[in-house]
Protein chains: 2
Amino acid sequence: MSPPTDTPSADRELIDLLHRRGHRVTPQRVMINRLLRSRDTHLTAEDVHASVAAGLPGTSLPTVYATLDLFAELGLVRRVRAGFGPALYDSRGTDHHHLVCRVCGAVRDVDVDLDLSPAKAAVETLGFTAERVDLTVDGVCAGCRGTG
Amino acid sequence: MSPPTDTPSADRELIDLLHRRGHRVTPQRVMINRLLRSRDTHLTAEDVHASVAAGLPGTSLPTVYATLDLFAELGLVRRVRAGFGPALYDSRGTDHHHLVCRVCGAVRDVDVDLDLSPAKAAVETLGFTAERVDLTVDGVCAGCRGTG
DNA sequence: CTGGATGCAAACTCTTTGCATGCAT
DNA sequence: ATGCATGCAAAGAGTTTGCATCCAG
């Protein structure tokens with residue numbers, strides 16, 4: 001049960017990035033970064049808080065939010081508002097899209113390869129600078145299918 | 001300044017639909033439907049409440065939410081969670097996508113034609129029943145471009 | 001040392017719920 | 001008459017803010 005990510009290198013990358021951007025390196029930031037790198041699921045701020053507070057007692061929820069905001073700004077995570085409920089934080093690897101069950105709220109990744117450049121192009125025509133394209137498919141998952 | 005929509009026919013369609021689905025026809029529902037049909041922008045529940053309460057005093061915000069939920073279920077509106085802030089209700093005409101400025105939060109429509117069937121297909125492979133595909137482009141609008 | 005980062009509590013926004021009343025059917 | 005829909009108030013979930021303290025640089 002060793003962590004699936006190379007912790008030291010994840011730490012190093014974070015530390016360099018923080019220094020480069022003039023931010024401080026704090027235990028909370030390091031721990032949150034490790035957690036994000038070690039899971040490939042989407043996490044809520046609550047999830048992050050619960051996991052991090054276990055190893056770093058006294059870590060507060062507001063700090064988790066602040067850190068996740070910072071990480072989003074640094075491009076380390078994507079904040080995804082899928083369906084109802086809390087926002088999800090996605091430690092972004094490759095670009096992928098999301099699948100949301102409107103019954104149980106479950107969120108899954110979709111790895112289909114779509115050409116979204118027409119959308120970006122159309123958007124730039126409007127004087128808009130496109131930074132990110134999110135595709136969300138809403139529907140009903142297999143498990144909730146029979147439930148009604 | 002006559003309303004851009006044919007009010008009587010919008011009323012009729014709503015009334016038929018409500019009856020067909022076993023729902024009651026109430027003044028609130030009729031008014032909210034008219035409002036949605038007469039505007040082509042995205043409205044928040046607050047917006048709807050303010051406009052409807054003007055013509056139908058005493059209409060409450062919870063009723064607006066309940067009505068918008070019902071309309072969403074009936075396919076009359078799409079609820080769009082774009083960026084931060086309150087949900088937007090989109091009186092759906094043709095399928096289109098959304099553009100969100102992360103600075104000012106403005107939401108615009110994008111009418112680009114994309115082939116999203118690969119996404120739907122991929123999703124069905126996972127046992128998921130796709131009901132709707134939302135594409136959101138995040139970025140910075142022309143107005144906020146210089147601001148920083 | 002100095003100011004950015006944190007913890008705690010409290011505020012805030014948006015949305016939903018409970019319950020008595022009212023009106024569409 | 002029957003019970004779905006409503007209004008009001010109050011609760012609830014998720015997130016943000018204010019301020020004193022703390023620690024990374």
Side-chain angles (χ1 to χ4, degrees), chain A residues 11-12 14-33 42-50 52-74 76-77 79-89 102 105 107, chain B residues 11-12 14-33 42-50 52-74 76-77 79-89 102 105 107:
Chain A
D11 285 1
R12 176 114 308 279
L14 175 70
I15 292 169
D16 288 349
L17 182 56
L18 288 174
H19 280 159
R20 232 176 300 133
R21 303 287 201 101
H23 293 286
R24 292 186 182 171
V25 177
T26 67
Q28 290 84 350
R29 288 173 179 174
V30 172
M31 291 297 273
I32 292 173
N33 182 57
H42 312 94
L43 299 168
T44 65
E46 257 309 322
D47 292 337
V48 173
H49 179 231
V52 170
L56 201 63
T59 299
S60 71
L61 194 48
T63 295
V64 170
Y65 276 105
T67 303
L68 290 172
D69 279 357
L70 174 64
F71 284 7
E73 203 183 304
L74 297 177
L76 295 175
V77 292
R79 184 181 179 172
V80 179
R81 286 190 74 61
F84 45 81
L88 298 175
Y89 294 84
R102 75 165 153 73
V107 178
Chain B
D11 285 1
R12 176 115 306 280
L14 174 69
I15 292 170
D16 288 350
L17 182 57
L18 288 174
H19 280 159
R20 231 178 299 135
R21 303 286 202 100
H23 293 287
R24 293 184 180 171
V25 177
T26 66
Q28 290 84 349
R29 288 173 179 175
V30 172
M31 291 296 274
I32 291 172
N33 182 58
H42 312 95
L43 298 168
T44 65
E46 255 312 318
D47 292 338
V48 173
H49 179 232
V52 170
L56 203 62
T59 298
S60 70
L61 193 48
T63 294
V64 170
Y65 276 105
T67 303
L68 291 172
D69 279 357
L70 175 64
F71 283 8
E73 203 183 304
L74 297 176
L76 296 175
V77 292
R79 185 181 178 172
V80 180
R81 286 191 74 63
F84 45 81
L88 298 175
Y89 293 85
R102 76 166 154 72
V107 178

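Chain A is the first sequence line, chain B the second, and so forth, proteins listed ahead of strands; every chain is numbered from 1. In this text, all values refer to a predicted model and were calculated from it rather than measured experimentally.
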Phosphate OP1/OP2 of [N] contacted by [X] side-chain N/O (<4.0 Å):
{"X": "A/Gln28", "N": "C/dG7", "answer": "yes"}
{"X": "B/Thr67", "N": "D/dA5", "answer": "no"}
{"X": "A/His19", "N": "D/dG25", "answer": "yes"}
{"X": "B/Tyr65", "N": "C/dT15", "answer": "yes"}
{"X": "A/Thr26", "N": "D/dC23", "answer": "no"}
{"X": "B/His23", "N": "C/dA24", "answer": "no"}

Rounded distance in Å - [atom1] ([X]) to [atom2] ([N]):
{"X": "B/Phe84", "N": "C/dT15", "atom1": "CZ", "atom2": "P", "answer": "14 Å"}
{"X": "B/Ile32", "N": "D/dG7", "atom1": "CD1", "atom2": "C1'", "answer": "13 Å"}
{"X": "B/Leu74", "N": "D/dA5", "atom1": "CG", "atom2": "P", "answer": "11 Å"}
{"X": "A/Phe71", "N": "C/dA5", "atom1": "CZ", "atom2": "C1'", "answer": "13 Å"}
{"X": "A/Leu61", "N": "C/dT6", "atom1": "CG", "atom2": "P", "answer": "13 Å"}
{"X": "A/Arg24", "N": "D/dC23", "atom1": "CZ", "atom2": "P", "answer": "12 Å"}
{"X": "A/Arg29", "N": "D/dC23", "atom1": "CZ", "atom2": "P", "answer": "15 Å"}
{"X": "A/Met31", "N": "D/dA24", "atom1": "CE", "atom2": "P", "answer": "14 Å"}

Next item on the list: Ignoring hydrogens and angles, tell me if any N or O in the side chain of B/Arg29 forms a donor-acceptor pair with the backbone of B/Arg24 under 3.5 Å.
Entry: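 Confirmed, B/Arg29 side chain pairs with B/Arg24 backbone.
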
Notebook entry, point to check: Mapping A/Val64 and B/Pro27 onto DNA chain C by nearest heavy atom, which one lands closer to the 5' end?
Noted result: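 Its nucleotide being nearer the 5' end, the pick is A/Val64.
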
Check: Considering heavy-atom distances to DNA chain C, does B/Pro86 or A/Thr63 have its closest nucleotide positioned more toward the 5' end?
Finding: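 Taking each residue's closest nucleotide, the earlier one in sequence belongs to A/Thr63.
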
Margin query: Starting the side chain at C-beta, find the nucleotide from D/dG25, D/dT15, C/dT25 nearest to B/Val25.
Written below: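 The answer is C/dT25, which lies nearest to the side chain.
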
Give one of base, sugar-phosphate or nothing for [X], where a contact means two heavy atoms less than 4.0 Å apart.
{"X": "B/Glu46", "answer": "nothing"}
{"X": "B/Ala87", "answer": "sugar-phosphate"}
{"X": "A/Thr59", "answer": "sugar-phosphate"}

Next item on the list: Could you check B/Glu73 against B/Arg21 for side-chain contact (heavy atoms from CB on, under 4.5 Å), going step by step and ending with a plain yes or no?
Entry: CA-CA 11 Å; B/Glu73 203 183 304; B/Arg21 303 286 202 100; 5.6 Å; no

Next item on the list: Please name the pair of heavy atoms, one in B/Val107 and one in B/Ala82, separated by the smallest distance, quoted to 0.1 Å.
Entry: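 B/Val107 and B/Ala82 have their closest heavy atoms at CG2-CB, 3.9 Å.
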
Check: If every non-hydrogen atom of A/Asn33 is compared with every non-hydrogen atom of A/Asp11, which pair is closest and at what distance?
Finding: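 Nearest heavy atoms, A/Asn33 then A/Asp11: ND2-N, 4.4 Å.
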
Next item on the list: Let me see the working for A/Tyr89 and A/Val48 under side-chain contact (heavy atoms from CB on, under 4.5 Å), right down to the final yes or no.
Entry: CA-CA 9 Å; A/Tyr89 294 84; A/Val48 173; 5.6 Å; no

